[in-house]
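Side-chain atoms are counted along with the backbone in the values below, which use heavy atoms only and exclude waters and symmetry mates.
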2 protein chains.
Amino acid sequence: MSNPSTSSEGGRRIQAVETTCELLDALRERDGAGVSELTRETGYSKATVHAHLATLLENEFVVKRGNRYEISLKFVDFGEFAKNSVAIHDIAKQEVDKLAEQTGEVAQFMVEEHGRGVYLHKARGKNAIRTASYTGERKDLHCTALGKAILAQFPRERVEEIIDEHGMAAHTENTITTREELFDNLETIRQENVAYDDEEALSGLRCVAAPIVYKNGDIQGAISISGPTSRFKDERFRDELAEVVRGAANVIEVNSTQV
Amino acid sequence: MSNPSTSSEGGRRIQAVETTCELLDALRERDGAGVSELTRETGYSKATVHAHLATLLENEFVVKRGNRYEISLKFVDFGEFAKNSVAIHDIAKQEVDKLAEQTGEVAQFMVEEHGRGVYLHKARGKNAIRTASYTGERKDLHCTALGKAILAQFPRERVEEIIDEHGMAAHTENTITTREELFDNLETIRQENVAYDDEEALSGLRCVAAPIVYKNGDIQGAISISGPTSRFKDERFRDELAEVVRGAANVIEVNSTQV
DNA sequence: GTAGCTGTTTGGTCATTGCGAACAATTAAG
DNA sequence: CTTAATTGTTCGCAATGACCAAACAGCTAC
C-alpha cells in the first residue's frame, strides 16, 4: 500500500527548482552566505543566484541580514508541522521523556524518511552524557541501534535499496560495513525485538533500541536509550535496559492513534 | 548597519521558484495533498504541479506517502538550524524555562522576522493554562505583549512599514487597531521597559513581556509570561510579574554572546 | 463493466531562465 | 585620500525549458 520508494523515479524535473534547492542546501551547510560566496560554491552565475535569493526572500524562506542570506525561521514552522504530522510523535515524546527520567540516561526517538533516520526527540536524564545528535539530524540507518531497529522491519529488498543509495560508511571499528553482517544482525533483532549498538556509531557509546510497529507491519519508528559503555555493562545492557525500552515501545504502539 | 527592510524590493524573480514556494505553502496549509488537489488549489496545470513535486521530492523537501505529498522532516533539520542561528536562543530558552518554573505560568520567547513575530520557545509551569501558540508560529506584532515589546524598539518609520504590510487586524475588542493608539502604547513601553497585553490577543488572557536589547540598540527579541486574567490581577500583573520578566530579559542581555 | 476519479506522460510554444558583462556600492590597501 | 579589489545589483540577449492542453494509465466505486 505505502509507496516510499527510495530510488529516484522517472518524470520531468524543474531545473530552476533544482537550483533553488541547491542554494538552500548550501545556505544550510554554511551559516548563510552572500551572493558571491554562493556563486563560487554552486557554479551558478551571480545574476542567477541573486534572482533566486530575491524570490526566496520574497517568499520568506530566506532572510537577508546585511548582505548575507540565511535560512529563515519559516522553516521552524514547517518543521514543527512536519514533526506533528508523524502520527506517534506526541506519545513517543512522552515515553522518551519518561525513559530518560527512569533510567537517568539519554533517550531518543527516530523515524525513517528518504532512506535515512531522523531524530525527532531527545531527552536527557540525570546522568545523561552529551551526545552529538540533535533534533532533525538525518543519519544513516546502518550505524545506530535506532536505525537497525527500523531496518529490521523492512523487507530485504528495501534494505538493499537503502544501502545502494546511502552506502555503509564506517564510523568506528565496530560499525557494520558488510551486507552479510547487517542482515545477520537484523535477523537477530527481529527475534529479540531489540537492537543493540555496541560502539558502532561512536566509540564509548552503547545503545539499546526497540522498534515501534503497527499490527499491519508498518514500521513507525524506534526509541532508544544511550549511554557510556562503562555504565552499559552486559547485565544491565542486555536485560534491564532492553526490557525497559521494549516496554516503552509497546506503550507507544498501543496508545498511538491508529488508522 | 542592518538592513532588514520589510518592503519588497525591486529586481528579478524566478517564476518557477515562486511556483514551488506556493506549492510548499499549500502543502503546509493543508495536511499534504495530491496532485489534483494542488492543481485546483493553485491553478497550475497538473503537469506543472507534478514536475515541481517530483523535483522537491528528489531534493527531499517533500515526502510521498501513497499519492499524497507532504512537507518532509528535512524542514525539522533546517528549522532547528535556523533556531540555533538566533544568537540568544540557548540562553533565552534557559531563562524562559526558569520563568515558567518560578511563576507556574506560561513563559515564551519571540523574535522578529519579516515583520512578524516568531515564537521560538514556550515553557509551561505548574498552573500554566493551555495557550494556542506553538513553536514556529508567526504572528502579527501589534496584538501581543511580545510583539509590542519588539515594536517599541524599532524606529517609527520601520513600525509604519510593518503595519503597512501586515495591517492591524483585531483579535478581541481590546486589540489595538489604530496607529495613534499603538504609538502611544509603544512610548509607554519604552518608558517602563515592559509591555502589557490585556486580553488583546485572546479574551481572558493577559501577558507581560520585556524586550531583549543589545547596547547598540539592536533588538534581539522579547520574553513574556502569560496567564488567565483571574490570576493576573493588577498588583501581581503590573508589579511582581513585570519585574520578574524584566529581570530575566536582563539576564539574557548580559549573558548573550555579544558581537 | 462503465464512469469518474486519481497520477503520469508527452509534444510544442512562448515566456523566462541563466549567462556575460557592465554598473554601483562597499571595503581594503596603498 | 586615492586606488584597487571586493562585494551586490541591473541589463540585454539567446537558447533553454517551464507551462499548458490533451492523451494515457491505474485505481475505486457504483
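Residue A:Ser36 is in sugar-phosphate contact alone, with no base atom involved, counting any heavy-atom pair closer than 4.0 Å across all strands shown.
The listed nucleotides are D:dT10, D:dC19, C:dG18; the one nearest the side chain of A:Ala16 is C:dG18. Looking at the side chain of B:Thr19, the nearest of the listed nucleotides D:dC19, C:dG7, D:dA18 is D:dC19. Listed nucleotides D:dC19, D:dC11, D:dG8 differ in distance to A:Asn67; the shortest reach to its side chain belongs to D:dG8. In this structure, of D:dA21, D:dT10, C:dG7, it is D:dA21 that holds the atom nearest to the side chain of B:Ala47.
B:Arg13 places its CZ atom 13 Å from the P atom of D:dC11, with the value rounded to the nearest Å. Following rounding to the nearest Å, A:Gln15 (CD) and D:dT16 (P) show an atom-to-atom distance of 11 Å. Going from atom OH of A:Tyr69 over to atom C1' of D:dT7 covers 12 Å, rounded to whole Å. Atom CZ in A:Arg68 sits roughly 13 Å away from atom C1' in D:dT7 (whole-Å rounding). Residue B:Ile14 contributes atom CD1, which lies 11 Å from atom P of C:dT16 at whole-angstrom precision. Rounded to whole Å, the distance from OH on A:Tyr44 to P on C:dT16 is 20 Å. Residue A:Glu41 contributes atom CD, which lies 14 Å from atom P of D:dT7 at whole-angstrom precision. Here the C1' atom of nucleotide C:dG7 and the CZ atom of B:Arg65 are 18 Å apart, to the nearest Å.
Remark: the backbone N or O of B:Arg12 is not paired with any side-chain donor or acceptor of A:His50 at under 3.5 angstrom.
Residues B:Met110 and B:Val118 have side chains not in contact (no heavy-atom distance under 4.5 Å, counting atoms from C-beta outward).
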How far apart are the C-alpha atoms of B:Tyr134 and B:Tyr119, what are their side-chain angles, what is the distance that settles it, and do they pass the ring pair (Phe, Tyr, Trp, His ring centres under 6.0 Å) test? CA-CA 7 Å; B:Tyr134 56 92; B:Tyr119 290 101; 8.0 Å; no
Please report the C-alpha distance between A:Phe78 and B:Phe78 in whole Å, then the side-chain angles of each, then the deciding distance to 0.1 Å, and finally whether the ring pair (Phe, Tyr, Trp, His ring centres under 6.0 Å) criterion is met. CA-CA 9 Å; A:Phe78 276 56; B:Phe78 276 55; over 10 Å; no
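At C:dT6, one or more side-chain N or O atoms of B:Arg40 fall inside 4.0 Å of OP1 or OP2 (strictly under the cut-off). Of the side-chain N and O atoms in A:Thr48, none sit less than 4.0 angstrom from OP1 or OP2 of C:dT17. Taking side-chain N and O atoms only, B:His50 has no distance below 4.0 Å to OP1 or OP2 of C:dG7.
Between the side chain of A:Arg12 and the base of C:dG7, no donor-acceptor pair under 3.5 Å is found. In this model, a side-chain donor or acceptor of B:Lys46 finds a partner on the base of C:dG7 within 3.5 Å.
Position along DNA chain D of the nearest nucleotide to A:Ala33 versus B:His52 favours A:Ala33 as the more 5'-ward residue.
Using a cut-off of 4.0 Å between Lys/Arg side-chain N and Asp/Glu carboxylate O, B:Asp77 and A:Arg28 are scored as salt-bridged.
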